[in-house]
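Take a look at the structure below.
Note that the numbering runs from 1 along the sequence shown for the chain. Just so it is clear, the structure is predicted and the values come from calculations on it, not from any experiment. Atoms considered below: every heavy atom in the structure, side chains included; atoms not considered: hydrogens, waters and symmetry mates.
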Amino acid sequence: MKKEKKTHALLFLLMLHFTSGQSDYAPYFYDNGPSSTNGNMALFSISEDTPVGTQIYVLNGTDPEEDPVRYGLTFEKGSTEYFRVDPKSGNVTLIQELDREKQDEISVHVSITDGRNKVVETVRVFVTDTNDEPPEFQNLPFIIDIPEDTAPGSSIYRVQAVDKDMGSGGSVSYYLQTSPFTKFTIDGHSGILRVKLGETLDFETTPTHFVTVVAKDGGGKYKGKHQVLTSTATVTINVIDSQDMPPYFVGTPYFGYIYEVSVPGSEIYTVYAKDGDQGNPNPIHYSIINGSDGVFDINSTSGCITLTTFPSLLKNELYEIKVKASEVGPNNELQDYDVTTVTVRVVDLNNHPPTFYGENGPQNKFEVTMYEHPPAGEILRGFKITVNDSDQGANAKFKLRLVGPSRVLRVVPQTVLNEAQVTIIVEDTSGIDYEKGPTLSFKLLAVEIDTPERFSATADIVINLLDTNDNIPKFTSEYYIARVPENSPGGSSVSSVTANDPDSGSWGEVKYTIYGSGSDLFSISASSGLITTQPWTSLDAEVRSKYNFYVKAEDSEGKYSLAEVFVTVTDMNDHAPEFDEVLVEKTMIIGTPVKIEAVDEDAESPNNVIEYSIMTADPDNAFDINADTGEIKLKPYIKSMEIVQNITKQKDCKWSVVVQARDRGSPSFSTTAVVNIDITEATPLKGPMAAFLMKSRDNPLKALGMVTFIISVLVGVTVLISTAMYMRNSKSNRIMPARRIIKRRPRDQQPWTFKMPVIKFTNPGEKFLITDPESSPQQEIGSPRLKPPPPIAPCLPPPPPSNARPNERPRAVPTISGALASKGSKKAKSSRRKEGNISSALVSELKMKLEQKIHENNQGYY
């Protein structure tokens with residue numbers, strides 16, 4: 001049984017192996033044709049402008065057992081790898097740029113495998129063309145040589161360009177770049193270059209032409225867009241000269257000269273001609289055809305014209321010679337020619353310089369004597385000058401110029417031909433000044449203008465000047481400042497002034513005089529200008545310290561100038577300080593200094609500056625003194641009368657001091673005075689005002705503000721009271737209740753004055769109550785109700801003062817009655833004049849009215 005089981009198992013394995021070996025098939029590619037983008041890439045076409053990185057194809061195949069497959073892609077060894085495949089997806093990607101013109105077919109090995117079987121196929125991929133190549137010219141560079149007589153329309157060259165592209169992109173056409181001066185044209189298809197119809201070539205005008213040919217392809221697509229590509233090439237066309245131009249002379253017109261020193265055979269001029277055909281020129285033959293008169297000859301080869309006789313034998317001064325230049329042909333025959341004129345002038349040789357002449361012949365120095373400052377424009381007639389040049393024509397033309405002080409003189413004429421009379425004219429009269437120099441020197445120059453030699457001549461011009469009185473004396477300064485000590489003796493030197501007159505002789509002598517306020521104390525030397533004090537003069541700085549006057553400098557003809565002199569009398573220390581009194585009585589409050597003063601009558605400091613000092617004092621060491629002001633004060637430790645009394649041991653505190661006053665002059669003077677000082681102590685202030693002032697002594701502005709405030713309050717109160725009185729007075733004629741209240745005024749009562757009431761408001765009615773100093777002392781201001789006083793007749797006023805106006809209109813005294821007060825009568829007027837001042841009665845009546853009004857208000861009825 002065991003053997004049978006082993007046999008069955010072995011048979012099963014053999015059958016299984018046989019079955020599996022029969023079903024293992026190889027994978028294969030789908031063949032979808034060349035137009036498909038998936039399959040085995042057989043005959044696949046790809047454009048050469050496909051961008052690198054583009055997926056261009058999908059390898060696609062299958063396995064019969066449906067096993068997964070993987071793809072591969074390889075190239076021949078050494079060839080460029082253009083593609084890469086993804087093994088799983090079969091996506092083929094372009095990895096190298098394509099160029100059909102370099103490789104139009106690519107061989108690729110593509111493979112497919114299921115892991116056990118692998119199938120490899122070799123396929124061809126075709127690269128299709130795009131228009132990416134421009135036309136390319138052949139046989140560059142293009143250089144052509146053509147004769148200038150080439151006929152219009154003739155073919156001269158054929159250009160060729162090749163385009164590697166296919167189809168329309170490979171076709172080429174031609175045209176010339178546009179130029180308005182081109183003489184050529186090209187056939188668009190064949191590229192044949194021709195001379196344009198109606199145009200001729202000219203070597204003499206343009207020996208070389210440059211033509212730009214453009215080759216254009218037929219256009220095509222590139223990267224999805226249509227484009228046309230072009231190329232350019234330059235054709236150089238050299239024109240070969242032909243014998244078609246006559247010769248011509250170079251450098252015309254021609255001028256030659258014969259000089260007086262020339263000899264036969266001397267060269268006059270050399271002409272030069274060229275063949276017009278410069279590319280292939282012929283030799284030139286020269287000849288004289290007219291105008292030589294037998295005195296000139298020419299070299300037929302060089303064109304040099306020479307003289308055949310002596311200049312002295314020439315009959316004309318000007319010759320015009322006709323010279324012919326002919327081309328020499330191949331057989332020495334004369335061909336085309338040109339004719340020109342050579343002008344020959346017989347000229348003088350410049351061998352004579354300009355020369356100056358005086359009255360007696362050639363002269364190089366001219367001199368004249370004259371007065372200074374002649375008027376501008378005047379001709380200096382003392383000069384007799386002639387200038388001459390013996391040469392002829394341009395050789396005898398020269399300029400005159402005067403060299404010397406600028407713009408003082410000028411010469412006429414300035415340009416001379418052959419000969420002229422020289423005139424010298426004054427231009428600047430201020431430059432001809434004897435004081436600047438008694439002699440003026442100039443150089444007169446004559447210089448040829450148009451000659452290469454520039455011959456010249458020179459003459460000295462000397463002017464001797466005579467002086468005139470044309471200057472005034474002039475002081476060295478407009479003012480002089482001098483200082484002289486007081487008490488100087490008479491005749492003392494003060495200052496010296498100087499004036500200069502540049503004129504010569506007596507015109508230059510200066511005389512000095514002095515005048516003006518204050519000049520009577522001084523004198524001046526008429527010749528030297530020394531200023532001194534008068535012999536009797538005594539100067540005192542304390543009387544007058546400043547003087548000023550004028551000095552005058554005058555020449556012999558009365559021309560003069562002035563200067564001012566300022567004299568300061570300097571102070572000398574000739575006065576000692578002086579006190580008003582030798583014995584001085586002073587009262588000193590402790591803490592407050594006393595001042596003593598001395599006077600020094602000297603005029604200036606330091607002579608009148610005084611220093612004070614204490615010589616002696618009783619008691620000693622009790623006082624200090626201010627050296628500058630003379631203020632005497634107690635020593636700082638003496639602060640009260642107790643200290644003073646402790647020092648003196650007496651109740652009588654009268655001390656004495658000897659004070660010296662010394663000036664600061666040199667030498668110094670001094671004087672003394674005895675000062676008796678009564679020492680006392682200030683009475684202290686009491687009360688609140690004193691306390692306020694003591695607190696405010698260090699702040700005076702605070703005290704001033706308080707005083708100003710108090711004054712302002714008083715002024716305001718006064719204005720209010722005056723206004724109230726005026727209002728009450730203006731209502732005095734109102735109809736009031738029929739009640740008369742008359743208060744009698746005592747005879748000895750003084751005029752009523754208003755005092756500021758003390759207001760204590762215990763009830764509302766009290767604010768209208770006013771204390772009357774004339775009322776009965778028994779009246780109480782604080783009583784709740786004030787009864788009106790009994791009627792009392794007013795007393796007569798005192799007699800009117802002597803200055804009363806007798807004609808003044810009397811006024812009725814108003815009363816509180818039921819009727820208007822009368823305007824008065826004659827009896828009232830006379831009694832008022834007799835009884836005195838009406839103002840006192842009015843004031844009393846107003847007071848009573850005010851009291852009545854207050855009382856009525858309190859009672860609540862009118």
Side-chain angles (χ1 to χ4, degrees), residues 31-59 73 75-76 79-85 91-110 121-142 155 157-178 184-194 211-235:
D31 186 2
N32 297 324
S35 61
S36 176
T37 58
N38 64 80
N40 61 353
M41 288 189 74
L43 304 178
F44 174 67
S45 297
I46 181 173
S47 177
E48 64 177 333
D49 61 353
T50 302
V52 174
T54 304
Q55 179 182 327
I56 59 172
Y57 200 85
V58 179
L59 292 177
L73 188 148
F75 295 85
E76 293 291 339
S79 63
T80 303
E81 296 183 1
Y82 289 96
F83 311 111
R84 184 174 57 228
V85 66
N91 293 335
V92 180
T93 304
L94 180 66
I95 62 173
Q96 186 70 31
E97 188 174 342
L98 301 174
D99 188 350
R100 189 202 65 81
E101 286 72 28
K102 293 181 180 179
Q103 186 175 355
D104 58 354
E105 181 179 311
I106 302 171
S107 178
V108 183
H109 300 295
V110 294
E121 295 182 6
T122 300
V123 297
R124 288 184 300 168
V125 177
F126 299 103
V127 180
T128 60
D129 187 41
T130 60
N131 191 24
D132 60 341
E133 295 289 335
E136 184 177 348
F137 284 97
Q138 307 296 307
N139 303 320
L140 290 174
F142 299 141
S155 299
Y157 193 75
R158 181 176 184 271
V159 297
Q160 184 178 6
V162 176
D163 194 323
K164 297 178 181 179
D165 291 321
M166 300 177 64
S168 63
S171 63
V172 180
S173 61
Y174 305 92
Y175 64 93
L176 300 182
Q177 280 190 349
T178 303
F184 304 94
T185 183
I186 193 170
D187 184 271
H189 298 287
S190 64
I192 296 176
L193 193 65
R194 295 185 176 87
V211 179
T212 301
V213 179
V214 181
K216 181 181 71 170
D217 63 16
K221 285 190 176 182
Y222 179 72
K223 294 185 179 180
K225 295 183 179 179
H226 183 81
Q227 71 172 6
V228 177
L229 300 178
T230 60
S231 296
T232 59
T234 300
V235 181

Set of side chain to side chain donor-acceptor pair (under 3.5 Å) partners for T54, sequence neighbours left out: none

Summary of ring pair (Phe, Tyr, Trp, His ring centres under 6.0 Å) pairs that have at least one residue in residues 36-57, sequence neighbours excluded: F44-Y57

Exam field: side chain Q138 to backbone E136, donor-acceptor pair closer than 3.5 Å: yes

Note, L176 side chain near V213 side chain (heavy atom, < 4.5 Å): yes

Side-chain heavy atoms of D132 within contact of D49, under 4.5 Å: no

For Y157, ring-ring contact (aromatic ring centres under 6.0 Å, His included) partners two or more places apart: F142

Any donor-acceptor N/O pair, N131 side chain to Q227 backbone, under 3.5 Å: yes

Closest approach of T50 to L94 (non-hydrogen atoms, all atoms of both residues): O-CD2, 3.3 Å

Set of salt bridge (Lys or Arg N to Asp or Glu O under 4.0 Å) partners for R124, sequence neighbours left out: E105

All side-chain contact (heavy atoms from CB on, under 4.5 Å) counterparts of S79, not counting sequence neighbours: F75, E76

Closest approach of L98 to Y82 (non-hydrogen atoms, all atoms of both residues): CD2-CD2, 3.3 Å

side-chain hydrogen bond (donor to acceptor under 3.5 Å, both in side chains) evaluation trace for S155 with R194: CA-CA 4 Å; S155 299; R194 295 185 176 87; 3.3 Å; yes

F126 and I46: CA distance, side-chain angles, deciding distance, side chain to side chain contact (heavy atoms under 4.5 Å, CB included) verdict: CA-CA 6 Å; F126 299 103; I46 181 173; over 6 Å; no

Distance-only polar pair, side chains of Q55 and N91, donor-acceptor under 3.5 Å: yes

Under the side chain to side chain donor-acceptor pair (under 3.5 Å) test, residues paired with E97 that sit two or more places apart: none

Heavy-atom pair of closest approach, residues T232 and F137: C-CE1, 3.6 Å

Salt bridge (charged side-chain N to carboxylate O under 4.0 Å, His left out): pairs with one or both residues in residues 213-224, sequence neighbours excluded: none

Derivation and outcome, side chain to side chain contact (heavy atoms under 4.5 Å, CB included), residues F83 and T93: CA-CA 6 Å; F83 311 111; T93 304; over 6 Å; no

Within 6.0 Å of NE2 in H189, more than 12 heavy atoms from elsewhere: no

Test item: V92 and L73 side chains (from C-beta on) under 4.5 Å apart, heavy atoms: yes

Least distance between heavy atoms, D165 atom then T130 atom: OD1-O, 3.1 Å

Contacts of E133 that satisfy side chain to side chain donor-acceptor pair (under 3.5 Å) - sequence neighbours left out: none

Qualifying residues under side chain to side chain donor-acceptor pair (under 3.5 Å), relative to R84, sequence neighbours excluded: none

Where S168 and G219 come nearest, the two heavy atoms and their spacing: OG-O, 2.7 Å

Under the ring-ring contact (aromatic ring centres under 6.0 Å, His included) test, residues paired with F184 that sit two or more places apart: H209

Check: V159 and I186 side chains under 4.5 Å, non-hydrogen atoms: yes

Side chain proximity check, V127 to I106, heavy atoms < 4.5 angstrom: yes

V123 to N40 - nearest heavy-atom pair and separation: CG1-O, 3.3 Å

side-chain contact (heavy atoms from CB on, under 4.5 Å) against T128, all qualifying residues, sequence neighbours excluded: S45, S47

Under the salt bridge (Lys or Arg N to Asp or Glu O under 4.0 Å) test, residues paired with D129 that sit two or more places apart: R100

